[in-house]
Each structure stands twice: as C-alpha cells, then as structure tokens.
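Proteins come first, then strands; the chains are lettered A, B, ... in the order of their sequence lines, and each starts at number 1. Just so you know, these numbers come straight off a predicted model, no measurement behind them.
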Protein chains: 2
Amino acid sequence: MPERERWGFELPLLLFAGFRSLIDQLHTELADRGHPELRPAHGFAMQAIGRDELTASELGRRLGVSKQAAGKTVDRLAALGYAERVADPADARRKLVRLTPHGQDALMLSGTVFERLRGNWADQLGPERLSELEDALETVVGPAAFRLDAAGWFGD
Amino acid sequence: MPERERWGFELPLLLFAGFRSLIDQLHTELADRGHPELRPAHGFAMQAIGRDELTASELGRRLGVSKQAAGKTVDRLAALGYAERVADPADARRKLVRLTPHGQDALMLSGTVFERLRGNWADQLGPERLSELEDALETVVGPAAFRLDAAGWFGD
DNA sequence: TTCTTTTCGACAACCACGTTGACCACTTTA
DNA sequence: TAAAGTGGTCAACGTGGTTGTCGAAAAGAA
C-alpha cells in the first residue's frame, strides 16, 4: 500500500533511521546484560575479530582503516576487557589480538539480540514484507552489503 | 521472491550498506560539481540550517549536540565557505548562522541528486517494490525517521 | 649466506567531532 | 533593580581517524 509520493532525500533518512534503531536497541539490551560500556564502533571491530587471532595490521585491513587506527581500537577494547594481545611464538614482530571470554560473550549476545529484533520487525511487517525488504536491499547494494568498514565513516 | 533464510545480524548491515551507498554516490557527484570538500557530516548540519537564520545554540538543539559542538561545526562550514555568521541587530548576544549561496547551491544540488539516485533504485527494483521498502521502513521506525542528529552518532 | 625488501608495532603530530565546566556579556523576568 | 536565563567562547579532554618515521624481525633474491 504505497501511501504517498516520496522525496528522494527521505530514502537515506529512512535507511539510517532503521539502522540506528536496531543498533540503539542492541546497545540498550547489551547495557542491561553486563556490557554498559560497549559502543557501536566497538561492535564492528569485535565482529571483525570474531574467533580469530590476528594482528592489528590485519584487523586494519578488515575494517578499512590504517594499522595505527586499528591498534588504537585494540587498545580501547583491551582497556575495557573485551580483547587482549598475545605474543606470536612463530614471529617475534607480531602480537596477536583475540577476544577475551567477555568479548566473546558480548558477540554471542549481540547475535541473539539481533535475532529477536528481526523478529520484532517480522511481527510488525509480516515475514513476507520483511524478506522482501531484505531482498530489495541486497539487490541494490550487491555484495557490498556485508562490509565492516563502517566506524568512523562519517568523518572521513 | 525470498531467496534464503536470513540471520538477524544481516538486517542492520543491509540497511547501513544502502544508506552508505546513497551517501557515497551523492558525495561523488557533489565532488564532481564544485563541492569536493563536503563531507557526509556537513550535509546534516546544512540540512538543519536550510534557509533559516539561527543561532549556534539552536542548531545544536536541532542536531542533538551541545552548543559548543554546533559552534565548531559552524566554524568548519564557514572555513569552507558554506556558512557565515551575521550579528543579530535585535540581540547583541546572538550571532545568526546562515548558508552562503555556495551552501544553498550544495543543498539544492543534493536534493536533485537524491531524486536521481532514488530513480536508479526504482529502475532496479520497480517503483512498487521501492515504495513498499519505504513504507515498511516508515512502519518500523515511526516518526523517528527524519531526525537529523546523525553525525557523530557512532562514537558517543 | 648475505643483502635488500617487506612487514609489524610503536611513537609523534595532527585533524574532525564530540563532551563538561567555567566565564562574561546581554536580555528577560520577577 | 536584582536575579535568572540565554548565547558565545575558551580550555581541557576523549575517541576515532590520518600521515610520517623508525627499529626490529622476517622473507626473498643474489
């Protein structure tokens, strides 16, 4: 049921409002469940680390930022107890970054919260309209959909 | 045509990818048309100013940031030639911010570019699917859709 | 094996964008 | 007219980026 004529400038605002709505709800939930200091930017970095052990340089590549910026991000995650650095026995230059159990907990919790939030949208829209929305977005953005280099994107 | 089962975490990434795709294309176009220094964050501030003459404090309220932050944003826009401050003859405390002709040009150009980008999406999806996408998003985000307090939202 | 190139991590300086707190000037209101 | 509120600015700081430089360690080539 198309409701009225839309201006072009509304489309980006609607997309951003949807994105922000989900992320804000996620962090409200995370704060209630033992992760009050976690910020949206941290989530992208932790997602990029996942269960891997990788160098700050490699993390920078995944996030689309310099190795120095990635190193600072790791510093902040480490200060909050979400990540830690361990020496690489096979290469004395490298220090491998990995999530702590606290960080893995936050990541798993985020996954379950996102499932529930998607369920809320499905309740409001019906499963078909939600699937159509997702399919339409994937059609227009193509394979660029699942990039993680989002943090700090506004300023560039 | 629902293509496959979706994970909850894909939804925010799809929304953000769509948003970023539009904004990136906008700024590519703006750069080609005489506005190469304009950044995404500037757009929200200029949209909040529009054709008004307002104080930095009022701008801060519209953008959801402190008056000091709004003042710095105006400094940057002014340094780039997009905004200027004029004294308010009716109130010696106030300095009114307004867009320069260069700033108004950028704002009008953005509007026409967004119309064309929406047209591209309509070509790819068909007008009905695009309208359904917009309506679905408005349904789930409600009146929060058209807030302008987006810049700097990642860090907080 | 030695020399050269590459890579990693760190440091420094800087910029964009936000925050609080403090302060002064001016306007409004009680 | 005194008190309260508002507007602009300065300072200090935090976060998340950038580039440039550097030394140590690894990898590749002669």
Side-chain angles (χ1 to χ4, degrees), chain A residues 20 23 27 37-48 52-80 82-98 148-156, chain B residues 20 27 36-46 48-49 52-80 82-98 148-156:
Chain A
R20 183 164 70 169
I23 301 294
H27 283 277
E37 301 138 312
L38 220 42
R39 298 284 163 260
H42 301 146
F44 286 89
M46 298 211 304
Q47 190 71 43
D52 298 345
E53 292 192 335
L54 37 65
T55 64
S57 296
E58 172 59 23
L59 178 60
R61 275 176 229 119
R62 295 189 186 183
L63 293 175
V65 301
S66 66
K67 61 181 181 177
Q68 294 92 331
K72 289 191 196 181
T73 298
V74 173
D75 288 343
R76 289 171 210 123
L77 286 177
L80 293 171
Y82 289 99
E84 60 189 354
R85 288 183 227 248
V86 295
D88 182 348
D91 187 335
R93 291 171 307 178
R94 290 151 55 98
K95 292 180 185 171
L96 299 176
V97 180
R98 67 178 177 213
L148 289 172
D149 54 337
W153 167 84
F154 270 97
D156 68 294
Chain B
R20 182 163 73 168
H27 283 277
E37 301 138 311
L38 220 42
R39 298 284 163 258
H42 300 147
F44 286 89
M46 299 212 304
I49 299 173
D52 298 345
E53 292 192 335
L54 37 63
T55 64
S57 295
E58 172 58 24
L59 178 60
R61 277 177 228 119
R62 295 188 186 183
L63 294 174
V65 301
S66 66
K67 62 180 181 177
Q68 294 92 329
K72 289 190 194 180
T73 298
V74 173
D75 289 343
R76 287 171 214 123
L77 287 177
L80 294 172
Y82 288 100
E84 60 190 354
R85 288 183 229 246
V86 295
D88 183 348
D91 187 335
R93 289 171 307 179
R94 291 149 58 96
K95 292 180 185 173
L96 299 176
V97 180
R98 67 179 176 213
L148 289 173
D149 54 337
W153 168 82
F154 270 98
D156 66 291

[X] [atom1] - [N] [atom2] separation (whole Å):
X: A/K72; N: C/dA13; atom1: NZ; atom2: P; value: 12 Å
X: A/L77; N: D/dG16; atom1: CG; atom2: P; value: 9 Å
X: A/L63; N: D/dT18; atom1: CG; atom2: P; value: 10 Å
X: B/Y82; N: C/dA16; atom1: OH; atom2: P; value: 14 Å
X: B/R39; N: D/dG17; atom1: CZ; atom2: C1'; value: 13 Å
X: A/D88; N: C/dT7; atom1: CG; atom2: P; value: 16 Å

Whichever of A/A90 and B/G71 has its nearest DNA chain D nucleotide further upstream toward 5'
B/G71
What bend angle does the helix from C/dT1-D/dA30 to C/dA30-D/dT1 show across its length, from five-pair end axes and to the nearest 10 degrees?
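For the helix from C/dT1-D/dA30 to C/dA30-D/dT1, the axes at opposite ends meet at about 10°.
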Can you tabulate the close N/O pairs, meaning under 3.5 Å, that link protein atoms to atoms of nucleotides 1-7 of chain D?
unit_1, atom_1, unit_2, atom_2, d
D/dG5, N2, B/R93, NH1, 2.7
D/dT6, O2, B/R93, NH1, 2.7
D/dG7, OP2, B/R61, NH2, 2.8
D/dG7, N7, B/K67, NZ, 3.4

Between atom [atom1] of [X] and atom [atom2] of [Y], what is the distance when rounded to the nearest 0.5 Å?
X: B/H27; Y: B/H42; atom1: NE2; atom2: NE2; answer: 9.0 Å
X: B/E58; Y: B/I49; atom1: CD; atom2: CD1; answer: 11.0 Å
X: A/L77; Y: A/L38; atom1: CG; atom2: CG; answer: 8.0 Å
X: B/T55; Y: B/R85; atom1: OG1; atom2: CZ; answer: 10.5 Å

Taking atom types as they are modelled, would you say the side chain of B/Q68 forms a donor-acceptor pair with the base of C/dG21 within the 3.5 Å cutoff?
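When only heavy-atom distances are counted, B/Q68 does reach the base of C/dG21 through a donor-acceptor pair under 3.5 Å.
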So, for [X] and [Y], which heavy atoms are closest and what is the spacing to 0.1 Å?
X: A/A56; Y: A/V97; value: N-CG2, 4.2 Å
X: B/A87; Y: B/P89; value: O-CD, 3.4 Å
X: B/L96; Y: B/E53; value: CD1-OE1, 3.9 Å

Indicate whether OP1 or OP2 belonging to C/dA16 is found under 4.0 Å from a side-chain N or O atom of B/R76.
no
Indicate whether OP1 or OP2 belonging to D/dG17 is found under 4.0 Å from a side-chain N or O atom of A/T73.
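Result: yes.
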Partners meeting side-chain hydrogen bond (donor to acceptor under 3.5 Å, both in side chains) with B/R20 (sequence neighbours left out)
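For B/R20 the side-chain hydrogen bond (donor to acceptor under 3.5 Å, both in side chains) partners, ignoring immediate neighbours, are A/D149.
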Indicate yes or no for a side-chain donor-acceptor contact from B/R62 to the backbone of B/A48 under 3.5 Å, with no hydrogens or angles considered.
yes
Looking across every strand, which nucleic acid part, if any, lies under 4.0 Å from A/A69 by heavy atom: base, sugar-phosphate, or nothing?
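Base contact.
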